[in-house]
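In each ligand, atom 1 is the first atom listed, and ligand 1 is the first ligand listed.
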Amino acid sequence: MEVRNGEPFQCPTGNQPQALGERAEGMETPIQVVLRVRPMNQAELRRGEQSVLHCSGPRTLRVSPLGGGQDVAFHFSVVMDGARTQDEVFQGSGVQRLVELALRGFSCTAFTFGQTGSGKTYTLTGPSPQGEGETVPPSLTGLMQRSFACLLDKVQNVGTPITLSASYLEIYNEQVRDLLSQRPHHHLPVRWNKTRGFYVEKLKAVKFGTFEEVMELLLEGLRRRRSSAHSLNEVSSRSHALFTIHIQCPVGCPSRPKEQTFGKLCFVDLAGSEKVAATCSRGELMLEASNINRSLLALGHCISLLLDPRQKKNHIPYRDSKLTRLLADSLGGSGITLMVACVSPSAQSLPETLNTLRYASRAQRVTTRAMPKDPLGPQRLGLEEEIQQLRQENLMLKQMLEQPLGHRERKNISFGAAGTVPRKRSKSWFNSLMNSTGASSALPAAVSDALLSISAVPPCSAPAQYLQGTAKLRPAMCCLPSVLVTATNSVSCAMPHALVLSSVRTRGEKAHSFQDICPPRFFQSCLHCMYLVPKPRPHGRWRFPALRSRPKPLPHHQALTSRSTL
Ligand SMILES: Nc1ncnc2c1ncn2[C@@H]1O[C@H](COP(=O)(O)OP(=O)(O)OP(=O)(O)O)[C@@H](O)[C@H]1O
């Protein structure tokens with residue numbers, strides 16, 4: 001197809017990117033890249049510039065350098081020429097699919113990337129309003145306004161109440177500012193935690209329910225966003241802007257119908273890369289340009305490393321810039337990402353255009369593992385563990401109650417059906433153990449006679465030796481309360497603030513790991529005294545150190561005295 005100077009490109013309408021979120025959850029999903037070529041602008045036409053970009057299919061762009069150099073072909077999910085309208089870009093880019101996936105609880109990101117003046121802001125929000133109070137004509141609105149309308153339409157049809165809120169921030173000169181705040185110049189810190197990953201502390205999130213409300217938020221942020229004029233763009237964005245919609249859905253997706261979902265739809269308008277010489281930037285403009293270029297370089301570096309599977313497993317330097325921190329999940333995490341690469345068709349911009357095309361080609365080889373967001377994440381796991389412990393404890397107490405009274409008087413208790421000391425012992429478990437055996441903090445450091453039999457453990461043939469007193473344990477432990485699991489299948493309780501498990505048998509044999517305490521075979525072959533001193537942890541759970549380490553034998557000659565058991 002011949003491309004003449006200034007004429008729009010002819011190219012079949014792009015198809016929807018196919019792989020976007022169509023793979024199973026947790027599968028590697030590549031970043032989708034849509035390429036948009038803007039039409040020649042007035043300045044380029046006046047200069048009589050040649051167009052160097054040719055669409056040769058719905059997914060292929062050919063670059064024909066002036067002067068007869070060899071054509072270079074680039075392939076993307078969709079290629080859109082300069083004749084594509086805003087609506088065609090919306091229909092063909094796959095953003096609608098992102099909206100659906102965000103509603104199902106996925107974290108979705110659409111970002112525009114390209115040289116300054118290549119049409120990134122135009123693609124996301126349409127042309128900048130001509131005057132105060134002017135609005136963008138509906139036919140020219142960008143991906144964001146169309147996605148808002150699409151989202152609100154879908155929300156209405158879902159039938160269940162869905163909570164929507166929006167936040168809007170910019171990264172200007174490596175500082176994060178809240179564009180919805182009355183104090184936009186106040187810098188916000190970027191933090192990290194296990195549950196949320198990277199996030200901006202104290203960022204305002206405003207609830208909305210209608211198209212007008214969300215548009216009000218967008219316009220408020222756009223008014224505050226930093227922009228300036230330079231030789232390549234009269235309204236050039238001087239910051240990276242992230243508009244995020246948080247979608248809280250009380251009823252989850254079909255695969256998790258009973259769970260809440262917390263989807264996210266984020267639009268990122270990156271500031272354009274620029275050659276300072278070409279934009280004639282000075283002073284503040286130059287400082288802004290160098291910060292923009294530096295953060296885009298960090299982004300490119302992360303993308304390059306993400307392409308290497310070995311590097312991906314090791315370390316990706318997301319912390320190199322605020323931008324890469326905030327895009328970490330979209331690039332290498334559990335999000336679904338769409339990149340719209342914007343380029344100018346002019347020959348003068350060719351070096352920058354080639355950079356963008358190479359950058360975009362690399363980006364589309366990056367994969368994420370799309371997973372719906374579970375904000376409870378680790379918390380939920382912790383709760384499940386706790387429930388498990390409480391169940392065990394409950395069972396143990398029930399069994400205690402079922403014991404004949406005589407046994408209880410002798411303070412014999414069972415440790416549950418499996419006959420094991422629970423692996424993870426909660427403080428409440430320990431306390432109830434202490435209470436049930438009558439041990440209290442007032443007891444002296446000597447071992448009480450409370451004997452706790454462990455059910456389901458076969459009678460032990462070990463020698464009739466067992467620990468008689470904590471006073472004879474290592475000095476460090478003397479001050480610790482202890483429960484002694486002895487070779488006689490008994491557990492003796494003393495001071496109630498910590499737990500010592502130990503077992504004794506003849507000398508000369510090998511010591512067993514703590515894990516051996518649990519299965520019955522331990523009690524037939526336990527040799528040395530084994531003890532584990534749990535450390536109280538902040539949330540009331542206790543951790544047993546040396547769970548797998550070799551137990552240290554107690555000094556038998558000092559600590560043990562021969563005594564018949566039971
Ligand atoms: N597809 C398009 N059709 C018509 N005009 C366009 C198109 N794309 C961009 N423009 C115009 O080109 C100019 C530059 O576009 P825009 O501001 O979106 O570029 P940008 O990539 O966001 O630049 P910067 O990085 O400097 O902010 C604007 O006047 C915009 O209206």
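Taking the six-membered ring wherever Trp is involved, the centroid distance between the rings of Phe111 and Phe267 does not fall below 6.0 Å. Taking the six-membered ring for Trp, Tyr168 and Phe243 have ring centres closer than 6.0 Å.
With respect to Tyr172, the side-chain hydrogen bond (donor to acceptor under 3.5 Å, both in side chains) criterion is satisfied by exactly one of Arg177, Lys322, Glu288, His240: Glu288.
Salt bridge Asp269/Arg225: present, at least one basic N to carboxylate O contact under 4.0 Å. Contact check on Arg104 versus Glu100 returns no salt bridge, with no Lys/Arg side-chain nitrogen under 4.0 Å from an Asp/Glu carboxylate oxygen.
Thr368 contributes a side-chain N or O that, together with a main-chain N or O of Gly335, makes up a donor-acceptor pair within less than 3.5 Å.
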Show the short N or O contacts, below 3.5 Å, that ligand 1 makes with protein N or O atoms; if there are none, say 'none'.
unit_1	atom_1	unit_2	atom_2	d
ligand 1	17 (O)	Asn233	ND2	3.1
ligand 1	18 (O)	Thr121	N	3.2
ligand 1	18 (O)	Tyr122	N	2.8
ligand 1	19 (O)	Gly119	N	3.2
ligand 1	21 (O)	Ser118	N	3.2
ligand 1	21 (O)	Gly119	N	3.0
ligand 1	21 (O)	Lys120	N	3.0
ligand 1	21 (O)	Lys120	NZ	2.7
ligand 1	22 (O)	Thr121	N	3.0
ligand 1	22 (O)	Thr121	OG1	2.8
ligand 1	23 (O)	Gly117	N	2.9
ligand 1	23 (O)	Asn233	ND2	2.9
ligand 1	25 (O)	Lys120	NZ	2.8
ligand 1	25 (O)	Gly272	N	3.0
ligand 1	26 (O)	Thr116	OG1	2.5
ligand 1	26 (O)	Asn233	ND2	3.1
ligand 1	26 (O)	Ser236	OG	2.6
ligand 1	27 (O)	Ser237	N	2.8
ligand 1	27 (O)	Ser237	OG	3.1

